[in-house]
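Below is one structure, written out as structure tokens; the observations come after it.
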Amino acid sequence: MAEERRRKMIGLQPEGEIDWSEYRGIMVVVEQRAGHAKPVSWQLLGEARRLADKLEAPLMALVMGDNVGHIADEAIGYGADIVYLSDAPELKDYRTRPYSRVCLKVIRTYKPEIVLMGATYTGRDLAGAIATHLPTGLTADSTQLDVDDERLLLASRPAFSEKMLATILCKQFKPQMATVRAGVFQALPFDTGRSGEVIEVSEDMREEDIVTKVLEFIQDAKQVNLEDAQVIVAGGRGVGGPDGFKVLEELARTLGGTIAASRAATDLGWIDHAYQVGQTGTTVRPKLYFAIGISGAVQHVVGMQNSDYIVAVNKDPNAPIFQIANYGIVGDLFEVVPLLTRAFQERLTPVVTR
Ligand SMILES: Cc1cc2nc3c(=O)[nH]c(=O)nc-3n(C[C@H](O)[C@H](O)[C@H](O)COP(=O)(O)OP(=O)(O)OC[C@H]3O[C@@H](n4cnc5c(N)ncnc54)[C@H](O)[C@@H]3O)c2cc1C
């Protein structure tokens with residue numbers, strides 16, 4: 001009896017078998033900023049589509065914001081069957097309380113068996129807030145997802161300082177929740193021919209009841225956004241020092257891309273840790289990735305192997321990076337990179353047509 005009371009006090013379900021059979025389908029919480037969805041949301045829908053088909057269950061998306069109806073339509077084009085849309089001025093900027101209230105209402109009403117969101121700053125905050133309220137299990141920062149014959153979500157993530165991959169299950173509670181690293185999954189091609197249903201959800205909220213206020217967004221001048229970059233020019237120990245990155249910056253600027261680095265370069269203090277790609281850095285999926293003076297250690301490769309095209313520049317013809325590169329140039333980067341930059345500059349000069 002005491003145990004039962006304790007469970008009740010901390011909000012846990014009573015002991016014994018609970019019938020979760022009403023919970024069906026996968027829900028992806030779509031993250032948007034200023035009316036633009038984050039790429040990780042579409043990547044997640046792509047993977048969740050596969051899982052939903054395996055479970056023979058619907059794929060749902062939850063879109064929250066102010067004037068974000070267009071994102072609900074986009075979610076259908078990227079694979080969702082049903083989109084729950086909560087559109088209200090109070091949801092303009094991300095704030096834990098109003099966002100988690102909408103999420104909790106949608107989860108409790110529509111009962112998805114799995115809830116996924118991006119492991120971004122806001123995704124991690126929101127997922128934690130919801131999981132503790134439901135309460136249910138949450139696997140953070142997953143890099144692999146699957147479902148088994150018993151409809152259990154198998155969420156895998158690196159653990160113990162990234163030395164092993166742990167597969168975590170949530171057997172007794174629903175929904176099973178996971179946040180998922182950006183860049184590891186691929187979005188489906190956007191299909192304007194897909195159809196789906198948009199269901200509007202409203203939650204009674206008044207601005208005066210929300211304690212958090214967003215006064216201003218200050219854009220960090222040095223903000224690094226590797227996850228969204230289409231072109232990445234990454235340097236490693238081979239660049240020889242902080243000045244070596246200037247050569248890479250020139251190439252990145254020419255191609256409208258951003259620079260990045262291996263852990264060897266960030267550990268040596270040549271460039272900030274925010275630029276690190278790999279297992280303990282950011283996982284990226286650009287259209288074009290230059291690995292320059294990077295040997296291709298497995299911990300680096302896991303963070304960039306899903307790039308559409310990989311170009312490696314290295315003076316060692318036996319460097320492992322050449323095994324995964326689509327194009328490889330054996331040579332000294334201080335010779336090769338300026339030549340590449342010049343060649344791109346010549347070809348990318350805008351042609352003026354009259
Ligand atoms: C738990 C753990 C987590 C880790 N996480 C990460 C991670 O997230 N990201 C990561 O990158 N690493 C990570 N590492 C480290 C990783 O194992 C490698 O040590 C690291 O990636 C090596 O970086 P690098 O390729 O720049 O350096 P090196 O392996 O030293 O390679 C330098 C390369 O530059 C070439 N070179 C040298 N001079 C020139 C030149 N002038 N022109 C052209 N080529 C040149 C060399 O031939 C060589 O191939 C992790 C390691 C551990 C144990």
Side-chain angles (χ1 to χ4, degrees), residues 40 119-120 124 140-144 156-166 179-185 224-229 231-252 257-286 288-307 310-344:
V40 64
T120 57
R124 285 170 200 222
D141 208 16
S142 316
T143 54
Q144 283 175 29
S156 305
R157 55 154 299 157
F160 293 108
S161 309
E162 318 270 327
K163 288 190 180 63
M164 62 181 276
L165 195 68
T179 61
V180 181
R181 208 179 271 197
V184 290
F185 296 119
V224 190
N225 191 358
L226 295 179
E227 281 162 15
D228 297 342
V231 177
I232 292 178
V233 180
R237 201 195 303 268
V239 306
D243 284 348
F245 277 96
K246 292 198 179 125
V247 182
L248 273 55
E249 262 166 23
E250 195 65 32
L251 176 58
T258 172
I259 54 164
S262 72
R263 180 157 156 183
T266 60
D267 278 355
L268 286 160
W270 298 347
I271 184 167
D272 193 86
H273 273 285
Y275 289 92
Q276 184 187 315
V277 167
Q279 194 180 315
T280 42
T282 306
T283 305
V284 297
R285 188 188 259 281
L288 182 57
Y289 188 93
F290 288 89
I292 297 173
I294 291 177
S295 61
V298 63
Q299 295 90 350
H300 185 80
V301 168
V302 292
M304 44 68 83
Q305 63 193 353
N306 291 328
S307 308
I310 298 168
V311 179
V313 180
N314 198 304
K315 62 182 182 188
D316 173 10
N318 297 317
I321 193 74
F322 287 124
Q323 289 166 17
I324 61 150
N326 299 88
Y327 300 97
I329 303 170
V330 178
D332 188 323
L333 70 94
F334 294 101
E335 264 174 55
V336 175
V337 178
L339 286 172
L340 274 176
T341 306
R342 202 172 326 139
F344 280 122

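Just follow the structure's listing: the first ligand is 1, and inside any ligand the first atom is 1.
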The one among D267, T283, L333, I292 that brings a heavy atom closest to atom 40 (C) of ligand 1: L333
Please state whether the rings of Y289 and H300 are parallel, tilted or perpendicular, taking 30° and 60° as the class boundaries. tilted
T266: what forms a side chain to side chain contact (heavy atoms under 4.5 Å, CB included) with it, not counting sequence neighbours? A261, R263, I271, H273, Q276
Not counting sequence neighbours, which residues clear side chain to side chain contact (heavy atoms under 4.5 Å, CB included) with L339? List them please. R342
Pick one of side chain, backbone, both or neither for how S262 approaches ligand 1, counting any non-hydrogen atom pair under 4.0 Å. both
Under 4.0 Å from a heavy atom of Q276: give me the atoms of ligand 1 that qualify, with their elements. 6 (C), 7 (C), 8 (O), 9 (N)
Is the closest side-chain heavy-atom distance between L248 and I292 below 4.5 Å? yes
Side chain, backbone, both or neither: which applies to V336 and ligand 1 if a contact is any heavy-atom pair less than 4.0 Å apart? neither
Atoms in ligand 1 flagged as close to A297, the criterion being non-hydrogen separation under 4.0 Å: 16 (C), 17 (O), 18 (C), 21 (O)
In ligand 1, the atoms that come under 4.0 Å of a heavy atom of Q279 are 7 (C), 8 (O)
Can you tell whether the side chains of K315 and D332 come within less than 4.0 Å, N to carboxylate O? no
Is there a polar contact between ligand 1 and A261, counting only N or O atoms under 3.5 Å apart? no
A student comparing R263, Q299, H273 should find that the heavy atom closest to atom 17 (O) of ligand 1 comes from Q299
Report yes if some heavy atom in the side chain of M304 is under 4.5 Å from a heavy atom in the side chain of I321; otherwise report no. yes
Heavy atoms only: which of V330, N314, D332 is nearest to atom 35 (C) of ligand 1? N314
Does ligand 1 have an atom that lies less than 4.0 angstrom from a heavy atom of V277? yes
In Å, rounded to the nearest 0.5 Å, how long is the span from CG of L226 to OH of Y275? 8.0 Å
Quick note on ligand 1: atoms under 4.0 Å from a heavy atom of G236 include exactly 26 (O)
Of the listed options T280, V302, I294, closest to atom 5 (N) of ligand 1 (non-hydrogen atoms): T280
Would you say N326 and V311 make side-chain contact, with heavy atoms under 4.5 Å? no
If we only count heavy atoms from C-beta on, is the T258 to V233 side-chain gap below 4.5 Å? no
Which ligand 1 atoms does G331 reach within 4.0 Å, using its non-hydrogen atoms? 42 (N), 43 (C)
Under 3.5 Å between any N/O of A265 and any N/O of ligand 1: does that happen in this structure? no
Heavy-atom side-chain contact between T282 and E227 under 4.5 Å: yes
Per-atom filter on ligand 1: closer than 4.0 angstrom to a heavy atom of G281 are 8 (O)
